[in-house]
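Positions are given from 1, in the same order as the sequence printed here. Both ligands and their constituent atoms are indexed starting at 1 by order of listing. Not measured: the values here are computed from a predicted model.
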Amino acid sequence: MKRDLVSIFSLSQDEIDHLMEMATVLKAKQKEGVSHTPLKGKTLGLIFEKASTRTRVSFEVGMYQLGGYALFLDFKDMQLSRGETVPDTARVFSRYVDGVMARTFSHETIEELARHATIPVINGLSDLLHPCQILSDIFTVTEKMGGYGGLKVAYVGDGNNVANSWINCAARLNFHLRLACPEGYGPDPSLLERARRESATEIQLVHDPYQAVSGTDVIYTDVWASMGKEDEHADRLRDFRDYQVNSRLVKAAKAGVLVMHCLPAHRGEEITDDVMDGTHSIVWDQAENRLHVQKAILEWLMG
Ligand code: CP
Ligand code: NVA
């Protein structure tokens, strides 16, 4: 039976651990210059309804390195944008390619693609979730800290797709997650409720960023206005003013705290230059690891 990657919540802890192990091996092989081409002759369709740098490049390069081929498709140029249905698109893709990655506004578009395609569907970000990002982030944390047992993560900022995927990941891997979001900008309440109901993990929602970062191993942030929310930018600048990851906030955490950001960053808004470029920041390793984890996901689903 084909598998999809639409949400981290639909993976088991064993499956996530397996992906982490695969990514470790794939990263080592790449660093040693060892060729590994299990996807020779396979193709991946990439559908983008929103902008991307990291996701597009890491999926395209990842497919190439695994011996396959990736086909970039701008949503605007597809018949989807002229009314062809998502199920029909899924059926047609299933006759041409071996997998599809989609980045969309509506999360339902990705779920619908997955329901109607007979090939694996990967969520490359929707308004609700960004699973590939957080799988890659937990890989980076594991690499830096030696594991995720007993991990404490503080997410500071908008309760968006990235925050929602952190909730799913914490529920699956049982680490402690504290989110500090302004009033009215919290994560998806049904995801939070499900995570609390179906796991023993402690997931706390607070309003004070200083409370969130106290004793944490990781401070994580993301943009205040995600793609699709640009028209709220001015209001958000005001509402998120106290949620900036700056040196004062970092000093309030543990001495060795790691600072992460999925990127792209709006420097001077959710994160200051000195923190982003400072000694606590691991954002470039984090960005690189998208490639290694994406390759693990591709080999797992399509190999
Ligand atoms: N972090 C991330 O998904 O980056 P892109 O939007 O550049 O793909
Ligand atoms: N939350 C951000 C993530 C970008 C990778 C957005 O959706 O725009």
Give a yes or no on whether a salt bridge exists between Glu143 and Lys27, defined as a side-chain N under 4.0 angstrom from a carboxylate O.
yes
Regarding Glu193 and Arg197, does a basic nitrogen lie under 4.0 Å from an acidic carboxylate oxygen?
yes
With sequence neighbours excluded, what pairs up with Asp158 under the salt bridge (Lys or Arg N to Asp or Glu O under 4.0 Å) test?
Arg236
Between Arg267 and Asp273 (salt bridge meaning N to carboxylate O under 4.0 Å), is one present in this structure?
yes
With a cut-off of under 6.0 Å to the ring centre and 45° to the axis, is Arg56 in cation-pi contact with Phe72?
yes
For Tyr64 and Tyr69, I'd like to know if the aromatic rings sit close, meaning centre-to-centre distance below 6.0 Å.
no
Using a 4.0 angstrom limit on heavy atoms, which residues are close to ligand 1?
Ser52, Thr53, Arg54, Thr55, Arg103, His130, Gln133, Cys262, Leu263, Arg290
Determine the minimum heavy-atom distance between Leu192 and Ile203, stating which atoms define it.
CD1-CG2, 3.5 Å
Salt-bridge test for Lys50 and Asp74: reply yes if a basic N is under 4.0 Å from a carboxylate O, no otherwise.
no
Glu202: what forms a salt bridge (Lys or Arg N to Asp or Glu O under 4.0 Å) with it, not counting sequence neighbours?
none
Would you tabulate the polar-atom pairs, meaning N/O of ligand 2 against N/O of the protein, with distances under 3.5 Å, reported to 0.1 Å?
residue: ligand 2; atom: 1 (N); partner: Asn160; partner atom: ND2; Å: 3.3
residue: ligand 2; atom: 1 (N); partner: Asn161; partner atom: OD1; Å: 2.8
residue: ligand 2; atom: 1 (N); partner: Asp222; partner atom: OD2; Å: 2.6
residue: ligand 2; atom: 1 (N); partner: Ser226; partner atom: OG; Å: 2.7
residue: ligand 2; atom: 7 (O); partner: Asn161; partner atom: ND2; Å: 2.8
residue: ligand 2; atom: 7 (O); partner: Ser226; partner atom: OG; Å: 3.4
residue: ligand 2; atom: 8 (O); partner: Met227; partner atom: N; Å: 2.8

